[in-house]
Q: 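Once you've had a glance at the structure underneath, I'll fire off some questions.
Quick note: numbers below take in every heavy atom, side chains included, and nothing from hydrogens, waters or symmetry partners.
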Amino acid sequence: MKKWFKYVKPYKLYFILGPLCMIVEVIGEILMPLFLGNIIQAYSDGTLTAGYSLGTMGAMIAVALMMMLGGVGGSYFGAKASVNFAADVRNDVYRKVQDFSFANIDKFSTGSLVTRLTNDVTQVQNFVNMMLRMMLRSPGMLIGALIMAIRLSPSLSVVLAIIIPVMLFFILLIIKTGFPRFGIVQKKIDKLNSTVQENITNVRVVKSFVREETETEKFSAANADLKNSGMSAMKVMIFMSPVMTIFMNIATVSVIWFGSQLAIKNIGVEGAFNVGNLSSFILYVSQILFSLMMVTMMLMMSSRALASARRIQEVLEEEVDIKNTDTADTNAVVTEGKIEFRDVTFRYYKNSEDAVLDNINLTIDAGSTVGIIGSTGCGKTTLVSMIARLYDVDAGEVLVDGKNVKDYTLYNLREGVGMVLQKNVLFAGTIEENLRWGDEDATDDELYTAAEHAQADKFVKNFTLGYNTELGQGGVNVSGGQKQRLCIARALLKKPKILVLDDSTSAVDTATEQQIRKAFREELAGSTKIIIAQRISSVKDADKIIVMDDGKITGIGTHAELLECNTEYQEIYYSQNDRKEA
């Protein structure tokens, strides 16, 4: 609870005023049956006068107005408290996700994180709102009505003493049955969100392979799974209503049966239980049973909210495996771009015997251009991910400018490294907004120059709105080659000391690629450039080419040197070129 209290503290006034307003409404609820009982008894005794009627009606109107103010105030402050509470929780969860490393994100599916940020937070918000409105109102009405009922007739209250424990037994049984089902529902929502996100994100692939029917069936299966789980949980809620109604009816009939006999027996006896008391007692019984139903509903909602709160807490308590270390120097920045790998070993699955990177030793001089080539899955992307600490080594160390990457703050280290990843990602917004991810303070001229060097300026200017063209989510309204060039322009605008290009020109033609490489040589002459490629033409002019195979470095040298003595490089070269060209 202490972990959640920090979200309550800033809005404690709302959390206090909401329940207090509901107490005002409860007081009115308790007083109303007394007024009604007094009027009925006065009429029964033949003592009802116009003055007494008007006075009682005036009092009832005043109490009703008081109840209205209390109810409106309680609802208003409850809404204010719960909405602000949920907004702060959502912000913290989102910030925590932003701190996640790749390994942390791999632990949670994307759909699950979306569900936790939206549906789960909403469930907790609804519970907080209901709790603020009901946590004092329902128990207050229950206690107040019980006291008044016992005060009116202790003997008739025996009916309640019998019915309430039996009713509570069934309530607890229903809650115990329903609680685990709501946790299952949230997991099914995760699965549905993941299915929807995957389909919409990859809609072009789906359509190009004419897989709409398959994806529709997959969605239908996930939707049906959620429906069945939801119905399983809702059956418990549905079952509760008739059970509660039966008990309310039994209690009401019993009170009327025994109460009417008691009232008839006491006719003419002053101060004894009478018809007016019976009317008030019946209303108090209804209030008692209704408040019990509200408490039950609150407990049922709490079971779903607790399942959601636990899932939210899992994200908030997740240990981020890549963060600023105690030895990180806040003043250290990347100034040259020299990179060293010393005995680096890495496994995605720490229990696995096979290493993705195995005892890597490598030095990349500042300002040099280095190519990395090798078969798919040999560890190229993982290797360069170590530079910006997107993953941390299991053994050995990675150094930048002679300093262990863990001795930089994450911000300063990543500010010095520009990465154009294998999967090019653009965000919803204008082209200009996407490019300014590289440097939000860049001038327009700098932005246009970066686009020119990335060979993006020409096609951008052909758009009607130019750099103000809105990109769809993920950049779906530009081609793969255009997307790559925009991502390169974004990295160039950053002017990093280390630039990593992970197969980032695979979708552009060779002539355009040559222009981009020329811009790298001229505009980023002082920066270290690492080019991961499948095509030898993309790396053959590099100062040094690194050949990788199965997580190991099998060769380092120039194009000519490797072509002469490295078997893996020769195989790649001859598979892409006629042997006579050698």
Side-chain angles (χ1 to χ4, degrees), residues 19 22 25-26 29-30 33 123-124 126-188 226-260 262 278 280-310:
M22 299 314 297
E25 188 177 24
V26 168
E29 292 274 11
I30 299 300
Q123 294 298 332
V124 174
N126 291 340
F127 173 68
V128 170
N129 190 15
M130 184 176 184
M131 183 183 68
L132 290 175
R133 295 173 61 186
M134 297 295 174
M135 71 176 178
L136 290 183
R137 187 181 189 278
S138 295
M141 186 186 296
L142 175 64
I143 294 168
L146 264 174
I147 291 171
M148 295 303 292
I150 294 170
R151 177 175 166 271
L152 286 173
S153 176
S155 59
L156 196 56
S157 299
V158 173
V159 173
L160 298 175
I162 296 171
I163 289 177
I164 289 177
V166 178
M167 188 174 173
L168 288 173
F169 170 78
F170 279 99
I171 288 171
L172 292 174
L173 185 63
I174 290 169
I175 291 171
K176 185 179 179 182
T177 305
F179 183 82
R181 300 188 184 191
F182 289 113
I184 295 171
V185 168
Q186 296 308 110
K187 291 179 181 178
K188 301 301 181 184
L226 174 60
K227 179 192 74 174
N228 294 333
S229 298
M231 280 304 300
S232 177
M234 289 307 297
K235 280 177 184 176
V236 178
M237 301 289 288
I238 293 167
F239 185 68
M240 182 182 295
S241 180
V243 168
M244 298 294 290
T245 303
I246 287 171
F247 280 109
M248 288 181 71
N249 290 334
I250 290 172
T252 303
V253 169
S254 300
V255 166
I256 292 173
W257 174 262
F258 293 109
S260 59
L262 187 61
L278 177 60
S280 299
F281 196 96
I282 291 170
L283 290 175
Y284 284 130
V285 168
S286 297
Q287 288 181 356
I288 291 167
L289 298 177
F290 180 77
S291 61
L292 274 174
M293 183 181 287
M294 288 299 100
V295 169
T296 305
M297 294 297 291
M298 191 163 62
L299 290 173
M300 285 300 297
M301 183 174 272
S302 74
S303 66
R304 186 168 188 178
L306 285 172
S308 293
R310 191 178 298 116

Q: I'd like to check P165 versus F169 (side-chain heavy atoms, cut-off strictly below 4.5 Å). Are they in contact?
A: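 No, side chains not in contact.
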
Q: Nearest 0.5 angstrom please: L142 CG to M294 CE, how far?
A: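 So the gap between those two atoms works out to 12.5 Å.
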
Q: Of the non-hydrogen atoms in M134 and P139, which two are nearest, and what is the gap between them?
A: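 It is O-CD, 3.2 Å.
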
Q: Less than 4.5 Å apart, side chain to side chain, heavy atoms only: is that true for V159 and V285?
A: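 A side-chain contact under 4.5 Å is absent here.
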
Q: So, for V124 and A305, which heavy atoms are closest and what is the spacing to 0.1 Å?
A: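 Nearest heavy atoms, V124 then A305: CG2-O, 3.8 Å.
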
Q: To check you understand the geometry: which heavy-atom pair defines the closest contact between A149 and L160, and what is its length?
A: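 Where A149 meets L160 most closely, the heavy atoms are CB-CD1, 4.3 Å.
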
Q: Nearest 0.5 Å, what's the OG-CG distance between S157 and L146?
A: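 Reported value, rounded in 0.5 Å steps: 8.0 Å.
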
Q: If you round to the nearest 0.5 Å, how far is CE of M22 from OG of S138?
A: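 With rounding to 0.5 Å, OG (S138) is 8.5 Å from CE (M22).
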
Q: A side-chain contact here means heavy atoms from C-beta on lying under 4.5 Å apart; do L136 and V26 qualify?
A: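 No, side chains not in contact.
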
Q: Are the side chains of E25 and M141 in contact, using a 4.5 Å heavy-atom criterion?
A: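 Contact flag for M141/E25 side chains = no.
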
Q: If I take atom CD1 from residue I30 and atom CG from residue L283, how far apart are they, to the nearest 0.5 angstrom?
A: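 Reported to 0.5 Å precision, the distance equals 11.0 Å.
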
Q: May I have the step-by-step check of side chain to side chain contact (heavy atoms under 4.5 Å, CB included) for L168 and L292, ending in yes or no?
A: CA-CA 8 Å; L168 288 173; L292 274 174; 3.9 Å; yes

Q: List the steps, then state whether side chain to side chain contact (heavy atoms under 4.5 Å, CB included) holds for M167 with L289.
A: CA-CA 9 Å; M167 188 174 173; L289 298 177; 3.6 Å; yes

Q: Restricting to non-hydrogen atoms, name the atom on L152 and the atom on F281 that form the minimum distance, rounded to 0.1 Å.
A: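 The answer is CD1-N, 3.9 Å.
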
Q: When rounded to the nearest 0.5 angstrom, what is the spacing between CG in L156 and OG in S260?
A: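 Output value for this atom pair is 9.5 Å.
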
Q: Measuring from L306:CG to F127:CZ, what's the distance to the nearest 0.5 Å?
A: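 Going from CG on L306 over to CZ on F127, the span is 6.5 Å.
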
Q: If I compare all heavy atoms of V185 with all of S229, which pair ends up nearest, and what's the gap?
A: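 Heavy atoms only, the tightest pair is CG2-O, 3.5 Å.
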
Q: Side-chain contact test, heavy atoms from C-beta onward, threshold under 4.5 Å: evaluate it for Q287 versus P33 and give yes or no.
A: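 Yes, their side chains come closer than 4.5 Å.
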
Q: Tell me the closest heavy-atom pair linking A251 and I163, and the distance in Å.
A: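 Shortest heavy-atom separation between A251 and I163 comes out as CA-CD1, 3.3 Å.
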
